[in-house]
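What follows is a short report on a single structure.
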Amino acid sequence: MKAAVIYKKGELPRYTDFPEPLAQNEDEVLVSVLAVAIKHFDKGRASGTHYSSDAPKENGRVIGGDGVCLLEDGTRVYGMGVSGMLAERATIERDRMVKLPAGVGDAAAAALANAVVGAAMSLRFKAGIQPGDVVLINGATGFTGRVAVQIAKYYGAKKVIATGRNQQSLNELLELGADQVISVKQDDKQFIEQLKETHATSPIDIVIDYLWGHTAEMILASLMGDGSFTPKTRFVSVGAMTGDLISLSAANLRSVDLQLTGSGLGSWSKGDVRKLFSEILPEMFQLAADGKLKVETVEVKLKDIADLWELDVPNGRRLVVTI
């Protein structure tokens with residue numbers, strides 16, 4: 001079969017022939033792959049920079065962790081890969097697949113799933129979102145951030161505040177459900193003051209952060225109290241697009257009622273993951289099928305993987321390989 005294969009950490013994937021995988025037990029299912037989204041997570045695992053990365057095998061490793069595929073009986077599903085997914089055939093976990101509704105396309109479903117993981121899991125299980133909450137999405141102009149804005153509204157957020165660099169994308173977020181947008185391109189003092197003013201009038205209950213780095217430092221600084229009572233803020237780190245480390249003072253932590261946590265592989269319970277596949281993903285796929293959850297994709301072919309691996313896809317769209 002044809003596949004995208006990595007032989008050494010840090011090198012570009014190669015479009016090449018690779019042995020077809022075999023289901024190793026009854027918990028695995030052999031499938032034909034239709035579409036796989038290229039995510040920062042996939043690139044991080046391939047390069048070895050993500051904390052869950054595996055070392056490449058001597059004979060190469062097919063990349064891609066999840067995707068849309070066909071079962072032997074023709075049923076179209078989203079599935080989590082056992083073998084790599086950027087290939088014509090793959091094995092997936094039997095208890096980690098979701099049947100797809102007819103109204104959602106292959107590329108949209110492939111792109112949406114990881115964004116739902118990055119948005120819904122943090123909102124529901126790490127932040128404990130409640131109807132009426134005020135939610136700040138830091139880094140909302142990216143693909144997952146755009147999905148997070150829509151899901152926060154769907155879960156009942158009273159107000160969604162979106163931050164980002166791309167002004168066009170920020171304007172588009174207002175059409176997707178954001179109530180306020182804040183540019184991170186303004187100088188630090190203006191950014192912090194705008195957040196302080198917002199927090200004073202509409203206390204921020206939840207921060208979902210896809211950037212970390214300096215913007216996270218500024219958001220935390222804007223929440224710092226003066227010794228009086230403060231509203232509780234649940235800050236959830238989901239990504240680190242602008243840096244893996246931050247500087248955080250102990251006074252900042254002590255002066256505010258702050259819950260600081262993360263959402264990612266290893267942070268969820270087994271029960272959370274079961275609900276992801278039994279409840280959350282089916283619900284979100286149906287919303288997309290009904291036109292109530294909007295995503296944009298750029299579709300490319302597997303044979304072009306080496307040329308497109310580092311392609312920058314702007315304006316909150318997701319690169320999807322169709323097979």
Side-chain angles (χ1 to χ4, degrees), residues 51 117-142 144-145 147-149 151-153 155-165 173 178-184 186-269 271-272:
Y51 63 83
V117 173
M121 297 293 274
S122 56
L123 284 165
R124 276 194 58 174
F125 301 126
K126 309 305 288 187
I129 188 170
Q130 298 294 320
D133 278 344
V134 175
V135 180
L136 169 66
I137 311 290
N138 187 36
T141 53
T144 303
V147 171
V149 167
I151 292 178
K153 273 294 187 179
Y155 283 159
K158 177 176 67 176
K159 180 177 183 178
V160 175
I161 306 155
T163 72
R165 296 181 61 84
L173 285 169
D179 300 284
Q180 180 183 356
V181 295
I182 300 176
S183 173
V184 300
Q186 59 189 313
D187 67 51
D188 291 1
K189 184 177 179 181
Q190 287 178 315
F191 182 77
I192 292 172
E193 285 304 315
Q194 193 170 358
L195 283 175
K196 283 184 174 180
E197 290 172 8
T198 298
H199 189 50
T201 56
S202 302
I204 298 167
D205 300 293
I206 295 171
V207 178
I208 302 297
D209 176 53
Y210 295 106
L211 301 180
W212 204 235
H214 186 52
T215 54
E217 292 176 337
M218 291 193 290
I219 291 170
L220 289 164
S222 74
L223 299 175
M224 187 169 178
D226 58 7
S228 57
F229 292 108
T230 60
K232 183 170 186 175
T233 301
R234 292 98 76 191
F235 189 114
V236 185
S237 170
V238 187
M241 291 298 297
T242 59
D244 191 52
L245 301 175
I246 68 168
S247 176
L248 178 61
S249 77
N252 200 158
L253 284 176
R254 296 197 308 271
S255 70
V256 64
D257 188 358
L258 179 69
Q259 173 187 303
L260 182 58
T261 187
S263 184
L265 292 176
S267 72
W268 310 308
S269 70
D272 294 341

Taking the side chain as C-beta and beyond, is there a heavy-atom pair between [X] and [Y] under 4.5 Å?
X	Y	value
Val207	Val236	no
Val134	Ile161	yes
Phe229	Asp257	no
Val184	Phe191	yes
Ser263	Trp268	yes

- Is a side-chain donor or acceptor of Gln186 paired with a backbone partner of Ser183 at a separation under 3.5 angstrom?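 Yes, because the side chain of Gln186 sits within donor-acceptor range (under 3.5 Å) of the backbone of Ser183.
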
- Does the Ser255 side chain pair with the main chain of Gly225, one donor and one acceptor, at a distance under 3.5 Å? yes

All side-chain hydrogen bond (donor to acceptor under 3.5 Å, both in side chains) counterparts of [X], not counting sequence neighbours:
X	result
Asp179	Lys153
Gln259	none
Gln180	Lys159, Thr198

- Message: Quick test of your reading: applying salt bridge (Lys or Arg N to Asp or Glu O under 4.0 Å), list the pairs with at least one residue in residues 190-208, sequence neighbours left out, ordered by first then second residue.
- Response: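 Every pair satisfying salt bridge (Lys or Arg N to Asp or Glu O under 4.0 Å) with a residue in residues 190-208: there are none.
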
Please set out all donor-acceptor pairs under 3.5 angstrom arising from side-chain atoms of residues 119-128, sequence neighbours excluded.
unit_1 : atom_1 : unit_2 : atom_2 : d
Ser122 : OG     : Gly118 : O      : 3.2
Ser122 : OG     : Ala119 : O      : 2.8
Lys126 : NZ     : Ser267 : O      : 3.1

- Message: Tell me whether the count of non-hydrogen atoms from other residues, nucleotides or ligands lying under 6.0 Å of CE in Met218 goes above 12.
- Response: yes

- Task: Can you sort out the partners of Ala251 under side chain to side chain contact (heavy atoms under 4.5 Å, CB included), two or more places apart, ordered by chain and number?
- Result: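 Counting only residues at least two positions away or on another chain, Ala251 forms a side chain to side chain contact (heavy atoms under 4.5 Å, CB included) with Met224, Ser249, Arg254.
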
- Message: Restricting to side chain to side chain contact (heavy atoms under 4.5 Å, CB included), what partner residues turn up for Leu248, sequence neighbours left out?
- Response: Leu220, Ile246, Asn252, Leu253, Leu260

- Applying side-chain hydrogen bond (donor to acceptor under 3.5 Å, both in side chains), which residue pairs with at least one partner in residues 231-248 are found, sequence neighbours left out? Asp133-Arg234

- Query: Tell me, which pairs form a side-chain hydrogen bond (donor to acceptor under 3.5 Å, both in side chains) where one or both residues lie in residues 209-229, sequence neighbours left out?
  - Reply: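 Pairs touching residues 209-229 that pass the test: Asn138-Asp209, Asn138-Thr215, Asp188-His214, His214-Glu217, Asp226-Ser228.
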
So, for [X] and [Y], which heavy atoms are closest and what is the spacing to 0.1 Å?
X	Y	answer
Leu173	Ala162	CD1-CB, 3.8 Å
Ile129	Ala152	CD1-O, 4.0 Å
Ala157	Val160	CB-CG2, 3.8 Å

- Item | Partner of Leu136 under side chain to side chain contact (heavy atoms under 4.5 Å, CB included), chosen from Ile208, Thr163, Ile206, Leu223 |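 Considering Ile208, Thr163, Ile206, Leu223, a side chain to side chain contact (heavy atoms under 4.5 Å, CB included) with Leu136 is found only for Thr163.
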
